[in-house]
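Scroll down for the structure; my scribbles are underneath it.
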Amino acid sequence: MSIVDLKVSLQQHLAKTLQSLELPAESIIIETSRSAQFGDLSSNVALVLAREAGRPPLELAEAIREQLIVPEDTCSAVTVSKPGFINFSISETYLRNQISEILTKGEDYGKSEAGEGKRALVEFVSANPTGPLTVGHGRQAVLGDVVSNILELHGYDVTREYYFNDAGRQMRLLGESVRARYLELLGEDASVPEGGYEGSYIRDIAEQMVQLHGDSLKQQDDMTIFKQTAEKVIFSDIKATLAKIGLEFDNFMNEKTFYEDGTIDRVVEGLREKGLAYDKDGAVWFKTTQFGKDQDTVLIKGTGEPTYRLPDIAYHTQKVARGYDYIIDIFGADHKDTYPDVLSALEVLGYGTDHITVLIHQFVSLKESGQKVKMSTRKATFVTLEELIDRVGADVVRYFFIMRNMHSHLNFDLTLAIKESDENPVYYLQYAHARICNILKHAEETTELTIDGANHTLLQEPSEIALMKDMIRFPELTETALNTLEPQGITTFLYGLATLFHRFYTECRVVTDDEDISKARLGLVTSVKTVLANGLTILGISRPERM
RNA sequence: GCCCCGGUAGCUCAACCGGACAGAGCAUCGGCCUUCUAAGCCGAGGGUUACAGGUUCGAGUCCUGUCCGGGGUACCA
C-alpha cells in the first residue's frame, strides 16, 4: 500500500468514526505532519467540525481518537495535539514493507495508470523560425518536456508538438532582412528594413546563399527563396539546440497547413454563421465583446492577411478534432489575453474545451552583470539557449528552469549562472545518486553481500527512519504533479531526500563487519537510489554513477 | 484607465485543497576527512512574508484597498 493509499485508508476509517459520532464525513484532509513531534500524518477534522459538533476542538479530537480504529500494521499510534489535530504515526512494519515495494517496483515506483489508454497532446516552445532559441524559450522547453514526462509517467501516450507560423509578417521581414544582407555582401547598397532582424545569424544565412547561388538572386524581388532558406537554416539550428537539452518533438505543425486545407475558411464561415464574425472597415472581426472582452478582435486585416489569432483558432479546432483525451498548451505570459478568445471560438464552433489546459508561465528577465537586458529577437539582444547549454551543461539548465514556480518571474543573471554552475543544486542531487552507486560498487567488489533476505527491522537509527519516511512520499508527489502539472514539487522533494541521504551517509556506514546491518542498509540505499533515479528521470536530468 | 501574474532572510528561491515554530542554497562566521566520494556533514547569525484592513479556532496562502515589478489591453507575434 503506497502512502497515497494509506491516506485514503485513514480517511475511510475517520469517515466511519465521524458517522458513528453523527458528524458529516465529507472532505476529510490527511496531510503530512510538519514536525516529528506531531507524528507522520495528521488530520484537522476536529478543528473543522468543532463548531458544528458544538464541542471544543480538543475534546472532539479526543472523542474521535477514542472511537477510531486503525489497522495496526500501518499505524503505530494515534495522538491528539494542541489546538485539536489528530496525529498518526506510521508503523515500522509499514516502512519496512515500503522498502520491499520500492525494490520490487524499481523504475515503476511512482508511476500510476491514471492515463492508461489515453492520448495527450502537449504544445510548447512554438517559436517562429525567425532566430535562434533564447534563454526565454528555454524555460518553456524544459517546462513542456517535464510536463510531458509527468503525463507519460502516469500512462499517457504523449505527443510533444511544436506549432509554428511561417506565413505572416514576421517571416516576410525575415526574408527581407536576409535579402538585404545578401545584397550587401554583393556590394550592393541595401539595408535591413524597418523592424527587420539584425542578428548576426542573418548575415551567416546570407553568406550561405552567396556561396550557393552566387549573385544569381540579385534581381530576385520575390522573397520566397530568402525566406525559405532562412527558415530551413534556423529550424535546423533550433532542433539542434533542443536536442542538446534532450528534447525531441514528435510533431511540427505548420500554420500554412490550415490555409491549404481550408480550415481557416471554415472557421471564419462558422463564426459568421453564428453571427460572431462581421465585416467592418475592410477587416473581418470576431465579436469577442460577447465573451466579456472590452473590444472585438480583428481576424483578417484590411490587407487580407489574417492576424495570428485566426490560424491559432484553426489549429486548435484541428487539435481537438484529432481526438486527444488531454490537450495542454504552454504559453508565455504574453498570451494570457489571447487564449480565451481561442477557447471561446472553439466552443462556439461546437468543439469541447473541457479537456484543454493552458499553462501560462511568466517571463525570464535577463541580466548580465546585474544589468537588465531587454530581450528581443529582432534587435538581437538575447542570449541564446545554445550558448547557455554550452556554458553550463544541459543538466544545470534543466534544473535551473524547473526549480522555479512557473508563475513567478525568473531573474536570470547569465554571469551569475555561469559562475555558480559549479555549485548548482543539481549536483547535490546527482552526488547523492553517485555516492549510492559507489557504495553498491564497493559492496560488490569487497563482499558477497546481497539485498536478498535483508532484515529491515535493523534500520533503527534516526537518520535511517527519517530517510525511509521521506522517500515513501514519492508516489504522492508524482500524483500531485499530474494534478497540478507543476514539476516543482518533485524538484523540492528530491532535494530534501538528497539532504536526508547525505546526513545518513555521514552518520551510518553501510558496508561493515556486521553483515545483517550491512544487508539492511544496502536495501535501504538501493531503494533511495531508485527514488532519486526515478525523480531525475522525470526531470530529464542525467543520473551519474560517479562524479 | 481596465485585466492577468508576482512581491517571503543581503541575493536566488521553497512552503502539499488555509494548519502547528515560515524553510533551503549562495554570501558571512565557527567546527568535521587513517574508515563506502568533503560536489558532503554539523553549528551560528540573518524575517513585522511589500503595506493597511477584513474573514476564522488558525492567514505567506482566502477577500478588499494601496504601493512596487512584469505581461496584456494593436488591422505586431
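Basis for what follows: all heavy atoms, side chains included, without hydrogens, waters or symmetry-related copies. This one's a predicted model, so the numbers in the text were calculated from it and none came from an experiment. Residue numbering restarts at 1 for every chain, and letters A, B, ... go by the order of the sequence lines.
Between the side-chain ring of A:Phe38 and the base of B:rA20, a stacking contact exists by the 5.5 Å and 30° definition. In this pair, A:Phe85 lays its aromatic ring flat on the base of B:rA20, centres within 5.5 Å and planes under 30 degrees apart.
Between B:rC57, B:rC76, B:rG71, one nucleotide has an atom nearer to the side chain of A:Leu47 than all others, and that is B:rC57. Distances from the side chain of A:Met547 to the nucleotides B:rC42, B:rA39, B:rC17 place B:rA39 closest. Comparing B:rU56, B:rU12, B:rC42 by their nearest atom to the side chain of A:Arg404 picks out B:rU12. In the set B:rG6, B:rC57, B:rG72, the nucleotide with an atom closest to the side chain of A:Asp337 is B:rG72. Of the candidate nucleotides B:rA14, B:rG19, B:rA38, B:rA38 has the atom nearest to the side chain of A:Tyr505. Here the side chain of A:Tyr495 is nearest to one of B:rC36, B:rC4, B:rA24, namely B:rA24. In this structure, of B:rU73, B:rC17, B:rG40, it is B:rG40 that holds the atom nearest to the side chain of A:Tyr428. Taking only side-chain atoms of A:Arg509, from C-beta outward, the nucleotide of B:rC5, B:rC4, B:rU35 with the closest atom is B:rU35. Taking only side-chain atoms of A:Ala283, from C-beta outward, the nucleotide of B:rC57, B:rC75, B:rC36 with the closest atom is B:rC75.
Within the 4.0 Å cut-off from OP1 or OP2 of B:rA77, at least one side-chain nitrogen or oxygen of A:Lys301 is found. Distances shown here put every side-chain N or O of A:Arg435 at or beyond 4.0 Å from the OP1 or OP2 atom of B:rG40. Phosphate contact (OP1/OP2 of B:rG71, side-chain N/O of A:Gln362, threshold under 4.0 Å): absent. At the phosphate of B:rA77, neither OP1 nor OP2 sits under 4.0 Å from any side-chain N or O atom of A:Tyr163. OP1 or OP2 of B:rA39 has not a single side-chain nitrogen or oxygen of A:Tyr427 nearer than 4.0 Å. Applying the 4.0 Å criterion to OP1 and OP2 of B:rG19, one finds that A:Arg34 has every side-chain N and O outside that range. An OP1 or OP2 oxygen of B:rC13 is reached within less than 4.0 angstrom by no side-chain nitrogen or oxygen of A:Gln488.
Rounding to whole angstrom units, NE2 of residue A:His335 and C1' of B:rG70 are separated by 17 Å. Between the P atom of B:rG72 and the OH atom of A:Tyr308 lies a distance of 10 Å, rounded to the nearest Å. Protein atom CD of A:Glu476 is 11 Å distant from nucleotide atom P of B:rC17, rounded to whole Å. B:rU55 atom P lies 12 Å from atom CZ of A:Arg51, rounded to whole Å. The nearest whole Å value for the distance from the CD atom in A:Glu486 to the C1' atom in B:rG6 is 14 Å. Here B:rA74 presents its C1' atom at 17 Å from CD1 of A:Ile300, a figure rounded to the nearest Å. B:rU35 atom C1' lies 16 Å from atom CD of A:Glu507, rounded to whole Å. Across the protein-nucleic acid pair, A:Asn128 atom CG and B:rC76 atom C1' stand 12 Å apart, rounded to whole Å.
Among the atoms of the strands shown, none is found under 4.0 Å from any heavy atom of A:Ala432. Heavy atoms of A:Ile436 sit nowhere under 4.0 angstrom from any nucleic acid atom. Nucleic acid contact for A:Glu255: none, since no nucleic acid atom lies under 4.0 Å from a heavy atom of the residue. Note on A:Asn424: nothing from the nucleic acid sits closer than 4.0 angstrom, heavy atoms only. When heavy atoms are screened at a 4.0 angstrom cut-off, A:Thr492 is found touching the sugar-phosphate backbone but no base atom. Counting any heavy atom pair closer than 4.0 Å across all strands shown, A:Gly302 reaches a base atom. Residue contacts shown for A:Thr130 are absent, as no nucleic acid heavy atom lies under 4.0 Å away. Among the protein residues, A:Val48 comes within range of the nucleic acid bases, having at least one heavy atom under 4.0 Å from a base atom.
Using cut-offs of 30° and 60° for the angle between ring planes, the A:Tyr162 and A:Phe164 rings count as perpendicular.
A donor-acceptor pair shorter than 3.5 Å can be found between the side chains of A:Thr289 and A:Asp296. Under the 3.5 Å distance criterion, with hydrogens and angles disregarded, a donor-acceptor pair is assigned to the side chains of A:Thr499 and A:Tyr428. No side-chain donor from either of A:Thr288 and A:Asp341 sits under 3.5 Å from a side-chain acceptor of the other.
Evaluation of atom-type donor-acceptor distances gives no pair under 3.5 Å for the side chain of A:Asp334 against the base of B:rG71. You'll find a donor-acceptor pair under 3.5 Å spanning the side chain of A:Ser81 and the base of B:rA20, going by distance alone. A donor-acceptor contact under 3.5 Å links the side chain of A:His409 to the base of B:rG69. Scanning atom types as modelled, no donor and acceptor separated by under 3.5 angstrom connect the side chain of A:Thr338 and the base of B:rA77. Remark: the A:Asn87 side chain and the B:rA20 base include a donor-acceptor N/O pair separated by less than 3.5 Å. For A:Tyr431 and B:rA39, a side-chain-to-base donor-acceptor distance below 3.5 Å is absent, hydrogens and geometry of angles not being considered.
A glycosidic torsion no more than 90° from 0 defines the syn conformation; B:rC5 lies beyond that range and is anti.
Across the strands present, B:rU28 finds its partner in B:rA44; the criterion is a Watson-Crick or G-U wobble pair with both atom distances under 3.5 angstrom. B:rC2 is paired with B:rG72 under the criterion used here, namely a Watson-Crick or G-U wobble arrangement in which both key atom distances are under 3.5 Å. Applying the Watson-Crick and G-U wobble criteria (two distances, each under 3.5 Å), B:rU55 pairs with nothing in any strand. Within the shown strands, nothing qualifies as a pairing partner of B:rA15 under the Watson-Crick or G-U definition with both distances less than 3.5 Å.
A side chain to side chain contact (heavy atoms under 4.5 Å, CB included) with A:Pro129 holds for exactly one of A:Ile234, A:Leu174, A:Asn165; it is A:Ile234. Each of A:Tyr315, A:Tyr308, A:Phe331 was compared with A:Tyr163 under the ring-ring contact (aromatic ring centres under 6.0 Å, His included) criterion, and only A:Tyr315 meets it.
A residue-by-residue look at A:Gln170 and A:Met406 shows that A:Met406 has its nearest nucleotide of RNA chain B further toward the 5' end. Along RNA chain B, the nucleotide nearest A:Phe504 and the nucleotide nearest A:Phe363 are compared for position; the residue whose nucleotide lies closer to the 5' end is A:Phe504.
In this structure, A:Glu62 pairs ionically with A:Arg65, as a charged nitrogen and a carboxylate oxygen lie closer than 4.0 Å. Salt bridge A:Glu123/A:Lys319: present, at least one basic N to carboxylate O contact under 4.0 Å. Salt bridge status for A:Asp279 with A:Arg272: present, with a side-chain N to carboxylate O gap under 4.0 Å.
Distance noted for atom P between B:rA50 and B:rA9: 8 Å (whole Å). Using P as the reference atom, B:rG60 and B:rA52 are 13 Å apart when rounded to the nearest Å.
Minimum heavy-atom separation, A:Pro24 to A:Leu49: O-CD1, 3.7 Å.
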